[in-house]
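Working notes, structure below.
We count residues from 1, following the sequence as given. As the structure is a computational prediction, the values presented were derived from the model and not from experiment. Start at 1 and go down the list; that is how both ligands and their atoms are numbered.
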Amino acid sequence: MLVDAIVEAIRLAVTRIPDDVVSALSEAHAREDNEVARFNLENILRAMEIGKDGLVPVCQDTGTVTFFVEAGVGSPFLGEVKGWLVEATKRATEEIPLRPNAVDVLIGRNSGNNTGKGVPVIHWELVQGDAIRIAVLPKGGGSENCSALAMLTPSEGWDGVKRFVVERVKECGGKPCPPVILGIGVGGGADYSLLLAKKALLRRVGERNPERRIAKIEEEVLEEINALGIGPMGMGGKTTALDVKIEVAHRHPASFPVALVFQCWANRRAFVEIKPDGGVEVWQ
Ligand code: SF4
């Protein structure tokens, strides 16, 4: 059943941190000489081992279940996918289990199954082809709380982007559970820059933006962030961020939107592809 594959992808995302993230954390541990930072990184790496071996979530906050769907216009399953994503979220909450994280904003009641008005969060993009590709991004609350948007003036430009990002990271300190990965969306409008920033978190650690000038800015921001010395869990050290990912869109002549979305060390993701014959592939 195709819902099983989506449940499997959610399980993979919350229990197993992708290899590129584990390698980046191990490298951070190897170059660290601050004892407290080394200890924090060891604990993080241990939590990942336990999650992987025991198939238990690597963090108690299993996040808001968020899907990015690239829906091939020729897929015979277009009309059914939304129902499957909701059902898979309910089943994953019970079977893995996930922490129930969907609260009614008016009465404060938790739905108990991670579904409700607007959740799971589903972002849709129609693409050519007949396959449906779904990215699962469980998003923890601690890191999400540090997200921020600035509507810069065009004259502030890229220097303004850097200033805004570095100031916000400083302000948040240990709250987003560093080492973090930063998704930065520049351009579009307020809404689209935030979407770009979150989607950027799906890229592998070390994968640079294909546009050379943006890739260079990613590296410069990463260097500035790590020079802050906030360190793992905010207790000092060389690695505050594992990576910085920038995505861009054209902007209005009068606006320079910049959105910043934090992802904590529990940088979780998984993918499912549903083929037109009903075959599925799940990977990280
Ligand atoms: S921010 Fe991330 S690591 Fe920290 S508690 Fe939330 S999910 Fe867990």
Side-chain angles (χ1 to χ4, degrees), residues 9-26 28-29 32 36-52 54-68 89 92-93 96-103 110 114 119-121 135-148 165 168-184 194 197-203 205 225 228 230-237 239-245 259-270 284:
I10 299 173
R11 185 191 305 277
L12 187 62
V14 297
T15 60
R16 189 179 180 281
I17 298 295
D19 291 345
D20 52 299
V21 181
V22 178
S23 300
L25 284 161
S26 301
H29 180 259
E32 187 56 76
V36 178
R38 283 178 68 83
F39 178 73
N40 279 322
L41 287 166
E42 276 155 25
N43 280 339
I44 289 170
L45 288 163
R46 201 169 304 132
M48 290 176 175
E49 270 312 304
I50 294 169
K52 192 171 77 177
L55 287 181
V56 291
V58 293
C59 181
Q60 41 76 33
D61 179 2
T62 47
T64 294
V65 181
T66 305
F67 298 106
F68 290 87
T89 302
T93 303
I96 295 174
L98 305 179
R99 191 173 83 178
N101 277 339
V103 175
N110 195 319
N114 280 307
V119 286
V121 177
V136 184
L137 175 73
K139 190 65 182 63
S143 58
E144 189 70 356
N145 288 347
C146 287
S147 302
V165 170
R168 184 63 186 157
V169 172
K170 240 197 267 180
E171 208 175 300
C172 284
K175 284 187 209 153
C177 295
V180 291
I181 298 201
L182 300 175
I184 301 171
L194 276 162
K198 189 162 280 184
K199 201 171 175 191
L201 299 174
L202 291 170
R203 276 163 49 195
V205 173
I225 300 294
L228 295 173
I230 295 169
M233 303 311 285
M235 297 169 84
T239 309
T240 302
L242 296 176
D243 209 352
V244 170
K245 312 288 192 195
L260 174 61
V261 175
F262 288 69
Q263 181 62 298
C264 51
W265 63 261
N267 182 23
R268 297 163 283 193
R269 62 165 192 259
Q284 258 184 325

May I ask which of [options] has a heavy atom nearer to [atom] than the others do?
atom                    : options               : result
atom 4 (Fe) of ligand 1 : C177, P138, G63       : C177
atom 7 (S) of ligand 1  : Q60, K139, R268, K175 : R268
atom 6 (Fe) of ligand 1 : N267, D61, V14        : D61

Residue, atom name and distance, where the atom is the protein heavy atom closest to [atom]:
atom                    : answer
atom 1 (S) of ligand 1  : S143 N, 3.5 Å
atom 2 (Fe) of ligand 1 : C264 SG, 2.3 Å
atom 8 (Fe) of ligand 1 : C59 SG, 2.3 Å
atom 3 (S) of ligand 1  : W265 NE1, 3.5 Å

Distance-minimising heavy-atom pair for [X] and [Y]:
X    : Y    : result
V261 : A197 : CG2-CB, 3.7 Å
P120 : F67  : CB-CE1, 3.7 Å
A148 : L194 : O-CD2, 4.4 Å

Carboxylate-amine/guanidinium contact E171 R168, below 4.0 Å: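 Here E171 pairs with R168 in a salt bridge, since their nearest N and O are under 4.0 Å apart.
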Short side-chain to backbone donor-acceptor contact, T240 and I230, under 3.5 Å: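 Judged by distance alone, yes, a pair lies under 3.5 Å.
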Okay, side chain of T15, backbone of V56: is any donor-acceptor separation there less than 3.5 Å?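 No: the side chain of T15 does not pair with the backbone of V56.
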Heavy-atom contacts with G140 under 4.0 Å: which atoms of ligand 1 show up? List them by number with element.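 Matching atoms, with element in brackets: 7 (S).
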